[in-house]
Amino acid sequence: MAEGNRRLKEEKVFKDPVHRYIHIRDELLWDLIGTKEFQRLRRVRQLGTTFLTFHGAEHTRFNHSLGVYEITRRIVEVFEGRPFWKDEERLLTLSAALLHDVGHGPFSHSFEKVFQTDHEYWTREIVMGDTEINTVLRRMGSDFPQKVAEVIEKTYSNKLVTSLISSQIDADRMDYLQRDAFYTGVSYGHFDMERILRVMRPTEDQAVIKYSGMHAVEDYIMSRYQMYWQVYFHPVTRSAEVILSKILQRVKVLYETDYAFLYPPEPFTGFFNGKLSLEQYLELDESVTMYYFQMWQKEEDGILRDLCQRFMNRRLFKYVEFDQHVHINDWLKLLELFKKADMDPDYYLVVDSSSDLPYDFYRPGEEEERIPIHLLMPNDKLRELSRESDVVEAISGKKRTDHKLYYPEEWLYTEGFEEEKKEIRSILKSSKEETAFSGEIEE
C-alpha cells in the first residue's frame, strides 16, 4: 500500500443507478470525496439547463465524478500486471478521475462564455490551492497534487494515464453518455461498456481496443453522435441556455453602469471586476444562482426582470433555423426592426450555433490534437479505428454545425409597433419555410 494511503477496514459503496455499485477501497479516495470542495459538486447539475427540457435531468457533477472514478477503477483492474501499466500510477489515476470536474461552476458553460473563465483553470486552483482537497492529496507527497493537476490538464508525462480520463474513448465519456441517457430517459446513450472494458489494453501512449471489440466501440461512437444531437444540442435546452447567458450579461452591464439593484449581485462581483478569489468561486453554486434569479424577478430593470421570469417560469424563446452569415440582409433587417420596435436585440434576438465532431483521426498540425482510437489486431499490430470500421469511417472527420435564431415569439403578437412586428414575422416565416423545404423540419 502506498505511503500516505491505507486500505479501508471495510469497503465503502455508493448505490448507483448506472453502474449498480461504486466501490471505494482506499482511504485517500474516501477522504477526497468527503472534502467540502468535492461535496459542492452535489449542488452543480451535470447538464446545466437540460432539466427544463428533460425533467429527469437533475443529476449532478457529484454523480458523474463518482461514475468516472468507478469506470477508471475497473479499467485499472483489467490493466494490472499487463505490459506498459505501472501499478504505482493507480492512485494517481483514480484521484485524477475523481477530481477531473471539481472546478465546474453553476451552469458552467454559460458562466464561462459570459465571464471568460474556464472550469479547467479552477480545477487546477482547487487541486493546487489552499483547499481540503490539496491537504488530502499532499499525504501522498508534496508533488502529488501537481501530478494530479497534470493528468487532468493532459500534460502528464505518462500519456497512457491521461488517455484513461481524456481521449476519444475514455472513462469520462463512457460515464456521461450512459448517465445522461438514464436521467433524460432516452435510449441513445446505451452501449456495451462491459465489453469495451474487457477488451481494453494498455500500450505506451494510450489504451487500445482488441479487434474483437470493434463493434462495441462502433456502438459507443454512434451513441455519442446521437446524444449530442438529441440531448446536448436540443433546441429547447439551448433556448434556456441563451436566456441564462443573457441574464448574466444583463447583470454585468447593470453592475458596470452603477445600477441600484434591489438585490445586489454580491456573489458575482468577482467575475465582473476580474478579482475573483478561489474562496469566492467555491461559494457559488446553482442554489445560490437560482436564488438570485428568483429575487431579480422583482428588479426595476425591465430586461433583467423579464429574462429572470422567463427562466424561472420556463417561458423560453422560440427558434428558427437561421445562419446570419448566409442570410446577412435578413439579419441586418431584423436587428433594425427590433430596435425600432423598442426590443433590445442584444437580449432578444440571438443566434446560437452548435457543432460536433463525433470522431476524428489524427491530423498533423491541427490546433487541437485528437488522438484516434486504435484497434489491437490479431497480429499485435495497431490499426486506426476508421480504417477497419465502415460505420466509423462514414462519419469520421465530418463536423456537423447547426445555427438557430432565438426570439420571444409571443411578443410579436402584442399591441404596439404592429408594422415592424408584421415585417419581423414575415422574415421569420420565410426562414421556417426555407428550412422545411430543405428537409429540416422543426420539432
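Computed from heavy atoms alone, side chains included, the values below leave out hydrogens, waters and symmetry copies. One-based numbering along the sequence shown.
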S.K.: Identify, with sequence neighbours excluded, every residue that meets side chain to side chain donor-acceptor pair (under 3.5 Å) alongside Y259.
M.R.: E299

S.K.: Can you see which heavy atom on Y348 is nearest to which on P408, and at what distance?
M.R.: O-CD, 3.2 Å

S.K.: Around atom NZ of K15, are there more than 12 heavy atoms of other residues, nucleotides or ligands at under 6.0 Å?
M.R.: yes

S.K.: For the residue pair I152 and H100, what are the closest heavy atoms and their distance?
M.R.: CD1-CA, 3.9 Å

S.K.: Go through the steps for T117 and E112 under the test side chain to side chain donor-acceptor pair (under 3.5 Å), then give the verdict.
M.R.: CA-CA 5 Å; T117 187; E112 289 173 15; over 6 Å; no

S.K.: Could you tell me how the ring of F62 sits relative to the ring of F14: parallel (under 30°), tilted (30 to 60°) or perpendicular (over 60°)?
M.R.: perpendicular

S.K.: Hydrogens and angles aside, do E89 and N158 bring a side-chain donor and acceptor to less than 3.5 Å of each other?
M.R.: yes

S.K.: State whether R124 and E153 are salt-bridged, where the test is any N-O pair (Lys NZ or Arg NE/NH1/NH2 against Asp/Glu carboxylate O) under 4.0 Å.
M.R.: yes

S.K.: Can you list every ring pair (Phe, Tyr, Trp, His ring centres under 6.0 Å) pair that touches residues 195-218, not counting sequence neighbours?
M.R.: none

S.K.: On the six-membered ring of F144, is R139 placed so that its NZ or CZ lies under 6.0 angstrom from the centre and within 45° of the ring axis?
M.R.: no

S.K.: Mind checking what makes side chain to side chain donor-acceptor pair (under 3.5 Å) contact with E80, not counting sequence neighbours?
M.R.: none

S.K.: Taking the side chain as C-beta and beyond, is there a heavy-atom pair between R74 and L197 under 4.5 Å?
M.R.: yes

S.K.: So, N63 side chain and T60 main chain: donor-acceptor pair closer than 3.5 Å or not?
M.R.: yes

S.K.: Quick one: side chain to side chain donor-acceptor pair (under 3.5 Å) partners of Y347, sequence neighbours excluded?
M.R.: R250

S.K.: Looking only at non-hydrogen atoms, find the nearest pair between R90 and V76 and report the distance.
M.R.: CG-CG1, 3.6 Å

S.K.: Name all residues meeting the side chain to side chain donor-acceptor pair (under 3.5 Å) criterion together with E409; count only those two or more places apart in sequence or in a different chain, and write none if there are none.
M.R.: none

S.K.: Looking at every heavy atom in both L28 and N5, which two are closest together, and how far apart are they?
M.R.: N-OD1, 2.8 Å

S.K.: Tell me whether the rings of Y232 and Y228 are parallel (<30°), tilted (30 to 60°) or perpendicular (>60°).
M.R.: perpendicular

S.K.: According to the interplanar angle, ranging from 0 to 90°, do the rings of H64 and Y176 count as parallel (below 30°), tilted (30 to 60°) or perpendicular (above 60°)?
M.R.: tilted

S.K.: Would you say N379 has more than 12 foreign heavy atoms packed within less than 6.0 Å of its CG?
M.R.: yes

S.K.: List the atom of S431, the atom of E321, and the distance in Å for their closest heavy-atom pair.
M.R.: CB-O, 4.0 Å

S.K.: Of all the heavy-atom pairs spanning V127 and P145, show the shortest one and how long it is.
M.R.: CG1-O, 3.3 Å

S.K.: How are the rings of H119 and H104 set to each other: parallel, tilted or perpendicular (split at 30° and 60°)?
M.R.: parallel

S.K.: Is the distance between the ring centroids of F54 and H234 less than 6.0 Å?
M.R.: yes

S.K.: Please work out which of the three classes, parallel, tilted or perpendicular, describes the rings of W229 and F233, given edges at 30° and 60°.
M.R.: perpendicular

S.K.: Side chains of residues 268-284: which donor-acceptor partners sit under 3.5 Å, not counting sequence neighbours?
M.R.:
residue, atom, partner, partner atom, Å
T269, OG1, E266, O, 3.0
N273, OD1, K275, N, 2.9
N273, ND2, T269, O, 3.2
S277, OG, Q280, N, 3.1
S277, OG, Q280, OE1, 3.3
Q280, OE1, S277, N, 2.9
Y281, OH, G103, O, 2.5
Y281, OH, G105, N, 3.1

